[in-house]
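First up is the structure itself, then whatever we jot down about it.
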Amino acid sequence: MISRRRKLIADVLAAADGEISGRIRLQKIVYLLEQLGMNSGFRFSYHYYGPFSSSVASAVDEACIIDKSIVEKAAYTSFGSPYSIYKIDEKIEAPKFLGDIAFESAHNYVKLMKSEQSVVIELAATIHWLKFHEQVQDWKPELYKRKASKADEARISRACKLLEALNLTLE
């Protein structure tokens, strides 16, 4: 029997039209969906790449190994760095809800997130984390400090626009 959390991960992939590239991207998509009301019970803390949940990582691994509801394939960037591609192994029927979010809404949210570069999603999740979890009102200097090699005005602007498009305002 598939656990609720492993099923949620498979359902996130279903909302992503069956595929998400990258562990970091998957973590940040789940984090942002949680902020949108998914109500998964996944707990996040801050790590190098922003909000991270060890229970999301475990659920993904278990869905790949135990349930075989997800397939993880290795791929490599043009620089030779490895990353994972997660796919739904079988065609699963789309649920009516992704946690507490109507599936159609979740699909639209994930589509927006997938349309952005992984680094932009990472910055968006980190901005949200700084503002609402650490309650850093002037989050931009802290973002530059934590994400020195990634945070530039263009990416920050795109991250803020993504948050706005997701109705995760910074007010």
Side-chain angles (χ1 to χ4, degrees), residues 4-61 63 70 72 83-88 94-137 139-140 142-144 146-147 150-171:
R4 179 178 184 270
R5 289 183 175 182
R6 294 191 309 256
K7 172 130 178 44
L8 274 171
I9 296 299
D11 290 348
V12 167
L13 283 167
D17 295 323
E19 181 178 322
I20 293 177
S21 294
R23 287 179 180 262
I24 295 169
R25 180 184 291 263
L26 178 58
Q27 280 273 343
K28 302 320 168 232
I29 287 173
V30 173
Y31 170 79
L32 291 168
L33 286 169
E34 190 66 15
Q35 306 319 300
L36 289 161
M38 184 167 64
N39 198 21
S40 66
F42 290 125
R43 295 195 183 271
F44 289 83
S45 58
Y46 190 84
H47 286 267
Y48 181 73
Y49 293 106
F52 171 82
S53 173
S54 60
S55 55
V56 168
S58 294
V60 169
D61 290 343
I70 297 172
E72 178 181 13
Y83 66 95
S84 295
I85 300 172
Y86 297 99
K87 292 184 178 186
I88 297 173
K96 291 186 172 137
F97 287 88
L98 179 56
D100 289 345
I101 302 173
F103 187 80
E104 185 175 331
S105 295
H107 179 262
N108 290 331
Y109 294 144
V110 174
K111 186 176 178 180
L112 276 170
M113 289 185 262
K114 280 185 65 176
S115 72
E116 275 296 349
Q117 295 176 332
S118 186
V119 69
V120 171
I121 300 168
E122 179 184 336
L123 290 172
T126 301
I127 290 166
H128 188 277
W129 178 270
L130 290 172
K131 179 80 174 171
F132 295 102
H133 294 277
E134 293 187 20
Q135 299 182 345
V136 177
Q137 293 306 307
W139 52 263
K140 204 179 256 190
E142 186 64 20
L143 183 69
Y144 279 121
R146 294 187 192 191
K147 305 283 184 180
K150 298 177 181 180
D152 62 29
E153 283 302 317
R155 287 180 180 149
I156 292 170
S157 175
R158 287 172 52 194
C160 290
K161 286 178 183 171
L162 175 60
L163 289 169
E164 184 179 307
L166 294 171
N167 296 314
L168 291 172
T169 61
L170 294 174
E171 300 301 317

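Numbers here are sequence positions counted from 1. Only a predicted model underlies this, so the values are computations on that prediction, with no experimental measurement involved. These numbers come from the heavy atoms of this one structure, side chains and all, not from hydrogens, waters or symmetry mates.
Glu19 approaches Lys87 most closely through the heavy-atom pair OE1-CE, 3.0 Å. The two residues Lys131 and Trp139 come nearest to each other via the heavy atoms CD-CD1, 3.9 Å. What you find for Ala151 and Ile156 is that their closest heavy atoms are CB-CD1, 4.0 Å. Between Ser118 and Ile24, the shortest heavy-atom contact is OG-CG2, 4.5 Å. Nearest heavy atoms, Trp129 versus Ser45: CH2-CA, 3.7 Å. The shortest non-hydrogen separation linking Ala125 to Pro51 is O-CG, 3.6 Å.
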For residues 97-107, which side-chain donor-acceptor pairs fall under 3.5 Å, sequence neighbours excluded?
from	atom 1	to	atom 2	distance (Å)
Asp100	OD2	Asn39	ND2	3.0
His107	NE2	Asp17	OD1	2.9

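Phe52 meets the ring-ring contact (aromatic ring centres under 6.0 Å, His included) test with His47; sequence neighbours excluded. Contacts of Ser58 classified as side-chain contact (heavy atoms from CB on, under 4.5 Å), with partners at least two apart in sequence or in another chain: Glu62. For the salt bridge (charged side-chain N to carboxylate O under 4.0 Å, His left out) test, no residue two or more places apart in sequence or in another chain qualifies with Arg5. Taking Glu34 as the reference, Met38, Ser40, Phe44 meet the side-chain contact (heavy atoms from CB on, under 4.5 Å) condition, with sequence neighbours excluded. Glu72 meets the side chain to side chain donor-acceptor pair (under 3.5 Å) test with Arg23, Ser84, Tyr86; sequence neighbours excluded.
Heavy atoms of other residues, nucleotides or ligands lying less than 6.0 angstrom from OH of Tyr49 number 12 at most.
The shortest side-chain heavy-atom distance between Met113 and Leu166 falls under the 4.5 Å cut-off. For the pair Leu130 and Arg146, the minimum side-chain heavy-atom distance is below 4.5 Å. Annotation: side chain of Arg25 is in contact with side chain of Ile29 (closest heavy-atom distance under 4.5 Å). Counting only heavy atoms from C-beta outward, the side chains of Lys140 and Glu153 approach each other to under 4.5 Å. At a threshold of 4.5 Å between non-hydrogen side-chain atoms, the residues Tyr109 and Leu32 do not count as touching.
Using a 4.0 Å cut-off between charged nitrogen and carboxylate oxygen, Glu116 and Arg155 do not count as a salt-bridge pair.
Between Val30 and the choices Ile9, Ile20, Val110, the side chain to side chain contact (heavy atoms under 4.5 Å, CB included) rule is met once, by Ile9.
Of the possible donor and acceptor atoms, one in the side chain of Ser53 sits under 3.5 Å from a partner among the backbone N and O of Arg43. In terms of modelled atom types and a separation under 3.5 Å, the side chain of Lys114 and the main chain of Ala16 share a donor-acceptor contact. In this structure, the side chain of Lys147 does not engage the main chain of Val119 through any donor-acceptor pair within 3.5 Å.
Atoms CD1 and CZ, from Ile127 and Phe132 in turn, are 11.0 Å apart once rounded to the nearest 0.5 Å. Expressed to the nearest 0.5 Å, how far CZ of Arg4 lies from CG of Asp11 amounts to 10.0 Å. For the atom pair NE2 of His128 and CG of Leu168, the computed distance is 5.0 Å after rounding to the nearest 0.5 Å. Note that CG of Leu143 is 10.5 Å distant from NZ of Lys150, once rounded to the nearest 0.5 Å. For the atom pair Ile70 CD1 and Ile88 CD1, the distance stands at 7.5 Å (nearest 0.5 Å). Note that the CG atom of Leu112 and the CG atom of Leu162 stand 6.5 Å from one another [nearest 0.5 Å].
Ring-centre distance between Tyr46 and His133: not below the 6.0 Å cut-off.
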